[in-house]
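Structure first, then comments.
The first residue of the sequence shown is numbered 1, and numbering continues consecutively from there. When a ligand or atom number is given, it counts from 1 through the structure's own listing order. The figures that follow rest on heavy atoms only: side chains count, while hydrogens, waters and symmetry mates do not. Since the structure is predicted, the reported quantities are computational estimates derived from the model, not experimental observations.
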Amino acid sequence: MQAAKSLFTYPRYWAECYGTAPFLPMSRKEMDALGWDSCDIIIISGDAYVDHPSFGMAVIGRLLESQGFRVGIIAQPDWNSAEPFRALGKPNLFYAVSAGNMDSMINRYTADLKIRHDDAYTPNNEGGKRPDRAVLVYSQRCREAYKDVPVLIGGIEASLRRIAHYDYWSNKVRRSILMDSKADLLVYGNAERAVVEIAHRVASGQTMKDIRDVRGTACLINELPADWEVKDSTRIDTPGRVDPHYNPYHWEQTNAALEAPCATGDNSAGTEAQVVHIRPAAGSKKQYVLLPSYEKVSKDPVLYAHTSRVLHLETNPSNARTLVQKHADRFLWMNPPPVPLSTEELDDVFELPFQRVPHPAYGDARIPAYEMIRFSVNIMRGCFGGCSFCSITEHEGRVIQSRSEDSIIREVEKIRDMTPGFTGTISDLGGPTANMYMLNCVSEEIHQNCRRLSCVFPTICKNLVTDHSPTTRLYRRARQLPGIKRIMIASGLRYDLAVLDPEYVKELVTHHVGGYLKIAPEHTEDAPLSKMMKPGMGTYDQFKEMFDRFS
Ligand code: SF4
């Protein structure tokens with residue numbers, strides 16, 4: 001893996017002389033007050049603007065500001081015309097478009113395809129303030145507003161739809177979102193590194209369409225480079241057959257399904273996990289993996305499953321290769337995932353000058369998503385669970401990126417000192433999972449050679465560090481702070497990991513749960529659990545016994 005340039009070592013853009021904005025401006029009036037004649041980058045967001053590190057667009061905006069750029073936000077614009085997209089004038093560098101913290105279709109529709117009338121990311125919980133497939137609509141309107149301004153798309157909607165993907169709402173496989181949005185470039189996953197590099201390269205005169213080599217990005221190209229070696233995806237994973245669907249509520253049937261070989265031809269449940277060692281490719285040529293085309297995967301579920309599996313096999317930033325998927329006469333070119341942020345970089349991102357409240361334009365309106373997180377602290381990113389139904393690995397990756405204990409403690413103190421309505425209770429110290437803080441592979445060298453889909457399934461890998469003492473230490477320090485009465489843990493717990501550290505379970509149960517703890521054993525039967533890549537009920541029973549003992 002190439003060494004990544006440190007996030008905060010780029011020479012600042014000349015506009016840093018304007019200093020830090022109290023809030024990123026949402027109007028011309030605010031730009032005037034800041035002395036700006038224009039914005040360098042304008043963020044279009046499907047969410048209300050809450051200046052808080054839990055809101056993706058605030059993070060990206062404040063990060064770009066720290067690089068010296070003047071960043072404006074147009075939040076939840078009326079998408080019926082291009083006019084609202086001109087509200088801050090023409091951006092000097094580019095538009096950055098995101099549907100918000102959620103996919104706009106999940107935000108708007110229930111699993112029964114009924115319309116939701118609420119939206120937690122909108123003032124007063126009001127539904128209908130963003131369009132369906134917001135990335136497509138916003139990108140189109142940006143083009144109409146100023147057709148020569150480049151459009152960069154990102155956020156969870158763009159990230160998870162970066163290659164041909166099954167779309168529940170239309171019940172079909174859709175093309176990469178790049179094809180339909182006509183954006184110049186897509187950033188996927190946690191996009192700090194990619195966005196900062198792109199902004200500086202565009203500022204130095206490079207055309208966004210020519211930026212083809214940044215990790216964590218995808219783009220469309222017309223021709224494949226002749227000086228790269230091609231590896232067909234069937235040399236990495238053999239397309240199998242599709243198992244018959246079984247009724248998860250019928251134990252005889254599920255047991256039968258468990259005994260049947262899975263799509264790859266072996267029954268992995270219960271077998272000892274093996275680290276997959278990758279031999280370096282012969283020769284010095286750069287290599288890409290050619291996936292089955294959109295046209296093929298949209299018609300063939302086996303090839304779709306194969307493609308999805310290869311995508312997951314290529315998520316380790318240390319050994320992932322570029323993926324290519326043909327769409328009609330063009331090629332989707334997906335660079336390897338971004339290099340994870342170091343602890344110092346993550347600390348610096350979380351300690352950007354957020355106001356930690358919604359923009360004052362919203363007045364007293366309630367924004368439920370803000371109310372839910374305003375007293376909680378995000379301590380890490382990523383998940384090595386690899387559960388087959390979950391999008392975290394596909395978005396944030398499998399490497400755990402943890403903040404330092406000091407940085408987390410400083411944020412707890414900021415909540416105590418700055419957040420209106422704080423009464424002494426921190427509602428969560430968590431992340432994608434409550435108890436993966438500082439857990440990683442025992443050795444960087446082993447990690448660099450690993451392509452396992454999960455560090456904890458079918459069994460917990462012997463190379464995984466499962467010592468929870470950094471988390472235990474953090475909890476103890478946080479609850480001793482003056483003005484802090486209680487620290488709750490509300491993020492989901494991996495109880496199969498927790499039982500390996502009884503001291504952690506004792507600490508958690510004794511001090512950080514209110515008598516109840518929500519956990520999700522997702523199912524009770526081995527067959528569905530194995531398809532979800534989840535542990536069996538044995539560890540659940542073990543955890544429950546510990547919970548009862550320490551309660
Ligand atoms: S701990 Fe995770 S990354 Fe390390 S060898 Fe095991 S599966 Fe691979």
Legend entry - Carboxylate-amine/guanidinium contact Arg410 Glu351, below 4.0 Å: yes

Numbering the atoms of ligand 1 from 1, which are under 4.0 Å from a heavy atom of [X]?
X	answer
Arg452	7 (S)
Leu464	1 (S)
Ile446	5 (S)
His447	3 (S)

Inset, instruction - Pick, from Cys455, Ser443, Ser454, the option with the minimum heavy-atom distance to atom 2 (Fe) of ligand 1. - result: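 Answer by nearest heavy atom: Cys455.
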
Legend entry - With sequence neighbours excluded, residues passing salt bridge (Lys or Arg N to Asp or Glu O under 4.0 Å) with Glu345: Arg193

Legend entry - Arg398: partners by salt bridge (Lys or Arg N to Asp or Glu O under 4.0 Å), with sequence neighbours left out: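 Residues passing salt bridge (Lys or Arg N to Asp or Glu O under 4.0 Å) with Arg398: none at all.
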
Legend entry - Cys461 backbone or side-chain N/O/S under 2.8 Å from atom 6 (Fe) of ligand 1: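 Yes, since at least one N, O or S atom of Cys461 sits under 2.8 Å from atom 6 (Fe) of ligand 1.
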
Inset, instruction - For the pair Thr433 (side chain) and Met436 (backbone), establish whether a donor and an acceptor sit closer than 3.5 Å, ignoring hydrogens and angles. - result: no

Legend entry - Geometric cation-pi criterion Arg321 and Tyr288, 6.0 Å radius, 45° cone: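 The answer is no, since Arg321 fails at least one limit relative to Tyr288.
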
